[in-house]
Amino acid sequence: MRACTLRDRAWSPYVAGILIGLLQVPAFLLIDTALGASSSYVTVGGSLAALIDPAVTQIAYVAKHITPTAKNWWQVALVVGIALGAMISMSLSGARRKAISPIWARALGTSSPTVRYLVAFGAGFLMLFGARLADGCTSGHGISGMAQLAVSSTIAVAFMFVGGIATAFLLLRRI
Amino acid sequence: MSLLQAILIGLAMGIVFGIALEKSRVFEPGMIVGQMQMRNFIMLKVFLTAVATGAVVLAALHGFGLIKLAPKATFFAADVLGGIVLGAGIALAGACPGTVLAQVGVGYRDAIFTLIGGLFGAMAFSYAEPTLAPLLLSGGPGKLTLMSFIDLPYWMLALGFAALLVVALVGLEKWRPWRADLGADVDGDFAPARRAAETSASRFKPAE
């Protein structure tokens, strides 16, 4: 088996999964937290909303997330880093992407970009509303919570797949 | 730990995370929708490998007393409802809250709309939180873990769980090798329907 390099187009899912799992070491040792992504949407969204509606900072939940603590802004930096890492990785492999993945024309039954953008907006809304209600997403509940053997995370992940599979079969066409 | 240090550490870790998401192809909408339609298993493989690896490293760190665990509290209704809504969003976005950033990074334009929708969703929840909290996010059994039911140390149970996941992954890989799920442009796109549609549109209908 040859070594993985940054110029490769694809790595084994096992190599990538191990690399992601190892990120728990600096997360726990340096930041005293577990890998997660969805809280950062409250940190950024709350900070932006406060510009228009200063009263939003009166909500304890928002105040807790927008406070300039290491944990809050570490996670914002983490998700910004994800965008940078993916950009670097794809440019090194020389792959190019269209504005919209070709699977959407089939999954949505139309190649209209407007339809896709509207669905994407609604999907993002549901994704973060659900993640915040469950108190975690695929990272916080999935990767981190299940590794910690948490009951809440196991329930949330099981129902995440229930909701995802039902939606993909009922609302999307076969890709 | 200063705020600046935390941000620099976050950026560095995020870049590694982003490279892993991009190289594994799990950030592609084709992989996520394919997984939810049970015809592509790269997402499950990356996900379960990350869980198993996390369990092993946390077992070691916790076993040697270097860290405290931080499991989330259990609220049955919120975990079930939130999980279902999150899953529906993931299927329609073709992304998770973290991988949508990788999609933005490689230039998927619809991912920008997913991201903005996500910010609105997070804020809608924040405004609703004071109302929802007494209904869905109070009481509950607290921070339940497997250790609440089995009287063994975390490191033992975590290593056992990781071993089970490895067995499951070996079986999954035997049944379905990962390379078979990549697709020609490594985006999980297999396009049978599209090719058929283009062919039938450009020709007369064949005689029956």
Side-chain angles (χ1 to χ4, degrees), chain A residues 9-11 13 16-21 24 28 37-38 41-42 45 61-62 70 74 77-79 81-83 85-87 89-90 99 101 103 116-117 120-121 123-134 137-139 143 146-152 155-156 159-160 163-164 167-168, chain B residues 1 6-7 10-11 14-15 18-20 22-24 29-30 36-37 42 45-46 49-51 53-55 67 69 71-72 74 79-80 82-93 96-98 101-102 105-106 109-110 113-114 117-119 121-123 125-126 129 144-146 186 189:
Chain A
R9 297 215 309 159
W11 288 354
I18 289 170
L19 198 56
I20 295 168
Q24 298 289 10
F28 271 88
S38 67
Y41 286 77
V42 183
Y61 183 80
V62 175
W74 164 82
L78 183 82
V79 298
I82 288 177
M87 189 171 73
S89 177
M90 185 164 276
S101 167
I103 67 124
R116 176 57 201 144
Y117 295 155
F121 180 88
F125 187 98
L126 289 177
M127 198 160 74
L128 266 300
F129 193 95
R132 290 293 83 219
L133 178 57
C137 61
T138 327
S139 301
I143 297 171
M146 286 185 64
Q148 295 179 74
L149 310 177
V151 170
S152 55
I155 296 172
F159 282 92
M160 177 189 95
T167 305
Chain B
M1 167 85 40
I7 287 172
L11 272 178
I15 289 172
I19 291 172
E22 200 279 333
K23 291 297 181 211
S24 65
M36 293 305 183
Q37 293 184 344
I42 283 182
K45 289 172 186 176
V46 175
T49 306
V51 173
T53 307
I67 57 160
L69 294 177
K72 293 169 192 278
T74 304
D79 292 332
V80 169
I84 290 174
V85 174
L86 166 65
I90 287 173
L92 296 173
C96 314
L101 274 301
V106 305
R109 207 167 296 159
D110 52 339
F113 289 84
T114 316
L119 291 170
M123 286 328 292
F125 176 79
S126 300
E129 201 265 353
L144 281 190
T145 60
L146 190 57
V186 293
D189 178 32

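Proteins get letters first, then strands, A, B, ... in listed order; numbering begins at 1 in each.
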Which residue out of [options] racks up the most heavy-atom pairs below 4.5 Å with chain B?
options                              : value
A:Ser38, A:Cys137, A:Ala99, A:Ala156 : A:Ala99
A:Ala131, A:Gly17, A:Ala16           : A:Gly17
A:Ile103, A:Leu126, A:Leu149         : A:Leu149
A:Ser139, A:Ala147, A:Ala37          : A:Ala147
A:Ala134, A:Pro13, A:Ala83, A:Gly21  : A:Pro13
A:Leu19, A:Leu128, A:Ile82           : A:Ile82

Q) Does A:Ser89 reach the main-chain N or O of A:Gly85 with its side chain, forming a donor-acceptor pair under 3.5 Å? A)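 Judged by distance alone, no pair lies under 3.5 Å.
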
Q) Is there a donor-acceptor pair closer than 3.5 Å between any side-chain N or O of B:Lys72 and the backbone N or O of A:Ala150? A)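 Judged by distance alone, no pair lies under 3.5 Å.
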
Highest number of heavy-atom pairs under 4.5 Å with chain A: which of [options]?
options                              : value
B:Gly89, B:Ala102, B:Gly98           : B:Gly89
B:Val106, B:Thr114, B:Leu146         : B:Thr114
B:Ala91, B:Ala6, B:Ala50             : B:Ala50
B:Arg109, B:Lys45, B:Gln37, B:Met123 : B:Gln37
B:Gly54, B:Pro71, B:Gly10, B:Ala122  : B:Gly10
B:Cys96, B:Gly118, B:Ala55           : B:Gly118

Q. Using the ring of each side chain (for Trp, its six-membered ring), is B:Phe113 parallel, tilted or perpendicular to A:Tyr117, with breaks at 30° and 60°?
A.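 The arrangement is parallel - the two ring planes meet at less than 30°.
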
Q. How far apart are the closest heavy atoms of A:Ala86 and B:Glu22, and which atoms are they?
A.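 Here A:Ala86 and B:Glu22 meet closest at O-CG, 3.6 Å.
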
Q | B:Glu129 versus chain A, the contacting section by heavy-atom distance below 4.5 Å | A |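 Just its side chain gets close to chain A.
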
Q. Of the backbone (N, CA, C, O) and the side chain (C-beta and beyond), which part of B:Leu144 lies under 4.5 Å from a heavy atom of chain A, both, or neither?
A.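 For B:Leu144, backbone and side chain are both near chain A.
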
May I ask you to test the [X]-[Y] pair for a side-chain heavy-atom distance under 4.5 Å?
X       : Y        : result
B:Ile19 : A:Trp11  : yes
B:Met36 : A:Thr167 : no
A:Tyr61 : A:Val42  : yes

Q. Which is it for B:Asp79 and A:Phe159 under the side-chain contact (heavy atoms from CB on, under 4.5 Å) test, yes or no, and what are the steps along the way?
A. CA-CA 8 Å; B:Asp79 292 332; A:Phe159 282 92; over 6 Å; no

